[in-house]
Amino acid sequence: MREMEGIAAGVVLVALAAWVFGSGIARAAGGLLAIIALVRIAAGHESPRMWMFLAVGAGLWLFGHWLWAAKHKLWRSRLALSIFSTPLLDRLAPIPTNRIRRQPRPGRRWVQPRSGTL
């Protein structure tokens, strides 16, 4: 029983530390990992692992900005706002972005051709 309480306390402590320090650590680690991967790729040490490091670094950087936006209700950088304003990532953003959804034009609908015209 005491072992389960210790595990639960550890999980709560890790979750609290991730909430408090996670956004900064994720942004810094993700940015550093992405920069290292780009430098290695540019230097000619291109391998599938470097592309994976680049993807993981970019994802970690984006997660850090997502966590910051969820906590503080504002975007940490203009670049993060622009990235989360894209049509696909707009749905994942924890706060509103500056994306303007396109309204369908009135009167422009798909018209089926008549059966004898083609």
Side-chain angles (χ1 to χ4, degrees):
M1 188 66 161
R2 285 188 169 254
E3 186 175 309
M4 291 300 286
E5 290 174 355
I7 291 172
V11 167
V12 168
L13 186 64
V14 167
L16 183 64
W19 180 255
V20 173
F21 303 113
S23 65
I25 292 172
R27 287 191 326 255
L32 186 64
L33 193 60
I35 289 171
I36 289 171
L38 285 173
V39 167
R40 297 273 317 236
I41 290 169
H45 300 292
E46 184 177 349
S47 70
R49 189 169 49 179
M50 286 302 116
W51 290 105
M52 183 188 67
F53 283 173
L54 180 62
V56 169
L60 203 54
W61 183 82
L62 282 174
F63 175 72
H65 278 284
W66 183 92
L67 188 59
W68 177 273
K71 280 176 26 180
H72 299 285
K73 303 297 182 216
L74 58 97
W75 292 104
R76 181 75 173 135
S77 73
R78 199 143 172 93
L79 179 61
L81 172 62
S82 297
I83 291 172
F84 276 102
S85 295
T86 59
L88 196 59
L89 291 177
D90 181 46
R91 299 186 188 277
L92 299 176
I95 59 174
T97 62
N98 59 1
R99 179 167 179 260
I100 300 171
R101 287 178 171 69
R102 240 194 280 185
Q103 299 294 328
R105 292 184 190 172
R108 296 198 112 215
R109 295 186 181 154
W110 176 258
V111 178
Q112 290 244 314
R114 295 186 183 166
S115 60
T117 59
L118 286 179

Enquirer: Can you confirm whether Ile7 is buried at CD1, in the sense that more than 12 heavy atoms of other residues, nucleotides or ligands lie under 6.0 Å from that atom?
Expert: yes
Enquirer: How far apart are the closest heavy atoms of Ala37 and Met50, and which atoms are they?
Expert: CB-O, 3.6 Å
Enquirer: Do Trp51 and Leu38 share a hydrophobic cluster (ILVMFWY, side-chain heavy atoms under 4.5 Å, transitive)?
Expert: yes
Enquirer: Could you tell me whether the side chain of Asn98 reaches within less than 4.5 Å of the side chain of Trp75, counting heavy atoms only?
Expert: no
Enquirer: Search all heavy atoms of Ala26 against all heavy atoms of Gly64 and return the closest pair with its distance.
Expert: CB-CA, 3.7 Å
Enquirer: Side-chain heavy atoms nearer than 4.5 Å, only ILVMFWY residues, links allowed to pass through others: does that put Leu13 and Val11 together?
Expert: no
Enquirer: So if you build clusters from Ile, Leu, Val, Met, Phe, Trp, Tyr with side-chain heavy-atom gaps below 4.5 Å, do Trp19 and Ile25 land together?
Expert: no
Enquirer: Does one hydrophobic cluster hold both Phe63 and Leu89, with members joined at side-chain heavy-atom distances below 4.5 Å?
Expert: yes
Enquirer: Looking only at heavy atoms, what is the nearest atom pair of Leu81 and Thr97, with distance?
Expert: CD1-CA, 4.0 Å
Enquirer: Considering all heavy atoms of both residues, which atom of Ala29 and which atom of Leu60 are nearest to each other, and what is their separation?
Expert: CB-CD2, 4.0 Å
Enquirer: Report the distance from atom CZ of Arg40 to atom CZ of Arg49, rounding to the nearest 0.5 Å.
Expert: 7.5 Å
Enquirer: Under 4.5 Å between side-chain heavy atoms, hopping through other hydrophobics if needed: is there a path connecting Phe84 to Leu67?
Expert: yes
Enquirer: Donor-acceptor check, side chain of Lys73 to backbone of Ile95, threshold 3.5 angstrom: yes or no?
Expert: no
Enquirer: Atom NE2 of His72 and atom OG of Ser23: how far apart are they, to the nearest 0.5 Å?
Expert: 5.5 Å
Enquirer: Check whether any side-chain heavy atom of Leu33 sits under 4.5 Å from a side-chain heavy atom of Ile36, and report yes or no.
Expert: no
Enquirer: Sub-3.5 Å donor-acceptor pair from the side chain of Trp61 to the main-chain atoms of Ala34, do we have one?
Expert: no
